[in-house]
There are 2 protein chains.
Amino acid sequence: MKVTMKDIAREANVSTATVSHVINGTKQISEEKHKKITAIINKYNYLPNSTAKNLRKNKTMTAGLVVSSFPDSFITEMVYGVEERAREMGYQILLVNTNENKYYEEETINLLYSKMVDGIILSPTSSDIGYLNKYTNDNFPVVLANRYDPIAENVPRVTGDNYQTGYDATMHLLDHGHENIGVIYAVPNVSTTRDRLNGYKDALSKYHLPFLEDNLELGYATVKGGENAAKSLLERTVGITAIFSLNDLMTIGIISKLKELSIKIPEDIAVIGFGDFASANIINPPVTNIVQPSETIGKTAFDTLLSKINNPEYMKHIELPPSMILRKSCGC
Amino acid sequence: MKVTMKDIAREANVSTATVSHVINGTKQISEEKHKKITAIINKYNYLPNSTAKNLRKNKTMTAGLVVSSFPDSFITEMVYGVEERAREMGYQILLVNTNENKYYEEETINLLYSKMVDGIILSPTSSDIGYLNKYTNDNFPVVLANRYDPIAENVPRVTGDNYQTGYDATMHLLDHGHENIGVIYAVPNVSTTRDRLNGYKDALSKYHLPFLEDNLELGYATVKGGENAAKSLLERTVGITAIFSLNDLMTIGIISKLKELSIKIPEDIAVIGFGDFASANIINPPVTNIVQPSETIGKTAFDTLLSKINNPEYMKHIELPPSMILRKSCGC
DNA sequence: CTGAAAGCGCTAACAT
DNA sequence: ATGTTAGCGCTTTCAG
């Protein structure tokens, strides 16, 4: 049987209040009783039941972190950032992966809310997050990370600068003389994709080049998905000389397919990926990636959540800049 | 303000008991009241407070999952397996990454225990897990995944067959004529490493070859760590013609360093890695890996936890076989 | 079919 | 300095 505070109190001949105070240091307790109580606590390995405590204090010191995919290096690092900061601040993280399933995402938010987490950091599967207002209208703290949509009101966000990401990557390719640039992406109807695509378009028009819907290819965010998307893109179009990939696993698939088709990188087709993965440097050719500060995004998201928890009025949108890691696959 | 069951009951002119019963379907309630109550619940978006429910029922339908590292592909997949199965069974997972920090691991177990999770799946940072007995002696359900130590009593486990993993990988290299095989590993004092090393030794002696302590190199489980370890191993020893890497990130680092040193793979040095990573196939040369069924290990671990929860006597050790993905880096 | 009331383990006034 | 007690939001006997 689990031992409770009552058991400790009984054995020490004191009240539960006293026990509670020695545990939490909330009041001065006489040396003598303090010692006695501590001894009994240790003897039984007594651990306070946080559930009861949470119920009473209406605070759990845990936050929910809901992400939409997992093997993804960007997300993994962001999660790491959130966890790091949460730990520093004495918070626990309840991490749930929704696997890009919108239905499961709402379920999860429900569940976490009912578990009294103090707040939630969400990287949503889609722009369809109007349901959040049900929670945030009651001032339940939510912050969006990575992906967002303005339909969610009263919700601060921290993301990478996706417009700039798309613009910079495209500009780099353009500067290298490419005029027919394919884009392979994984998730439609999401701010990250949309913003990067806007950057792509604007870079194009800077060069007075037309935007071709045909140059966009949607696929699954896996190695296999990248392979298929590359194949399809190349079959559908003519004259593509560069590919901008919006997902790290897909980048690997794209390169794999290109090699299989004996297409030379970067001579025949240049490649820029999104998100730097561990092996980028030992692939032949080493792959150029544009990256966002994922860990920082995670940390900042947690800081933002804390601000929101402490001050329901808190409202800020933070956008962190990308950077480019130049290697060989872009023709540099 | 959060609306509670009491609020619903008041507005419906019924008792909280009745509300509880319509929510949980625990008793027949008249059509009329049922409708009325449901309507009010929807009107306010009422969600039962699970914390209170948990406290009352002494059950949380959530399990803890404590792992020791994260970017690691093996762990990521195992986590995925656990989550999958947990979701199927209606459980929530509290995932915590201890970052190979033994102290934080014990802290975490404490914390989870105090949050009344129904059980914990642990992949420990070390063999030093005697502290678990404090919990398991009281029949708190714990199962070990991936790594284990017999010092923890009353704890079922599910792992890969690490002995076989070491044996098979080494045997493969031996069959290719290598007699001087280096091993690069990341975590000492852990069953996975120990068992794989035993497999390595036994394969060696099958070929009547001596075991050389010098051929073992310890490093950090990162790309950089792999680079450093490869460098150190090669400087310390002579005549190494093959390397067996026990970690995927390190494998990448090892290959990177070998390339930097213009050492040809597999002609000069053959490489076999542990854990198949996404880009293994597009690296030059494509890398041979020995893999364990990580996702299955995760799923099985959760099933085992459930068995343990439902039957405190449950006690079983499950060991799943590895398989080899042959590519070019081993000289095949 | 419905309600009253006890109680899960803890905290925090309030009283002594 | 310590104890008494109400109550966090829910479930679940037990009565009616």
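On a predicted model such as this, the values are computed, not experimentally measured, just so you know.
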| field | Evaluation steps, salt bridge (Lys or Arg N to Asp or Glu O under 4.0 Å), between B/Glu88 and B/Arg85 | value | CA-CA 5 Å; B/Glu88 284 171 32; B/Arg85 185 61 108 247; 3.6 Å; yes
| Of A/Ala52 and B/Val14, whose closest DNA chain C nucleotide lies nearer the 5' terminus? | B/Val14
Can you tell me if the side-chain N/O atoms of [X] get under 4.0 Å from OP1 or OP2 in [N]?
X	N	value
A/Tyr46	C/dC10	yes
A/Thr16	C/dT11	no
B/Ser15	C/dT2	no
A/Ser20	C/dT11	yes
B/Lys33	C/dG3	yes

| message | For B/Val82, is there any backbone N or O sitting under 3.5 Å from a side-chain donor or acceptor partner on B/Lys299? | response | no
| field | Donor-acceptor contact present, side-chain B/Asp72 to main-chain B/Phe74, <3.5 Å | value | yes
| note | Testing C/dT11, C/dC1, C/dG3 for proximity to the side chain of A/Lys53, the answer is C/dT11
| said: Can you tell me which nucleotide in C/dA4, C/dC1, C/dG7 comes closest to the side chain of B/Arg56? | reply: C/dG7
Atom [atom1] of residue position [X] - does it have more than 12 heavy atoms of other residues, nucleotides or ligands inside 6.0 Å?
X	atom1	result
B/Lys35	NZ	no
A/Glu31	CD	no
A/Glu32	CD	no
B/Lys134	NZ	yes

So what does [X] touch, heavy atoms closer than 4.0 Å: a base, only the sugar-phosphate, or nothing?
X	answer
B/Asn58	nothing
A/Asn54	nothing
A/Ile29	sugar-phosphate
B/Asp7	nothing

Using atom [atom1] of [X] as one end and atom [atom2] of [N] as the other, report the distance to the nearest whole Å.
X	N	atom1	atom2	result
A/His21	C/dT11	NE2	P	9 Å
A/Leu47	C/dG9	CG	P	14 Å
A/Ile23	C/dG9	CD1	C1'	11 Å
B/Gln28	C/dG3	CD	P	15 Å
A/Met116	C/dC10	CE	P	15 Å
B/Leu55	C/dG7	CG	P	14 Å
A/Asn24	C/dG9	CG	P	17 Å

| When you look at A/Arg147 and A/Glu105, which way does the salt bridge (Lys or Arg N to Asp or Glu O under 4.0 Å) test go after all the steps? | CA-CA 14 Å; A/Arg147 317 215 272 224; A/Glu105 173 180 308; over 6 Å; no
| task | Check every nucleotide of DNA chain D for an atom under 4.0 Å from a heavy-atom of chain A, then give the first and the last such nucleotide from 5' to 3'. | result | D/dA1 to D/dG9
| Which residue lies toward the 5' end of DNA chain D, B/Lys27 or B/Thr51, if each is placed at its nearest nucleotide? | B/Thr51
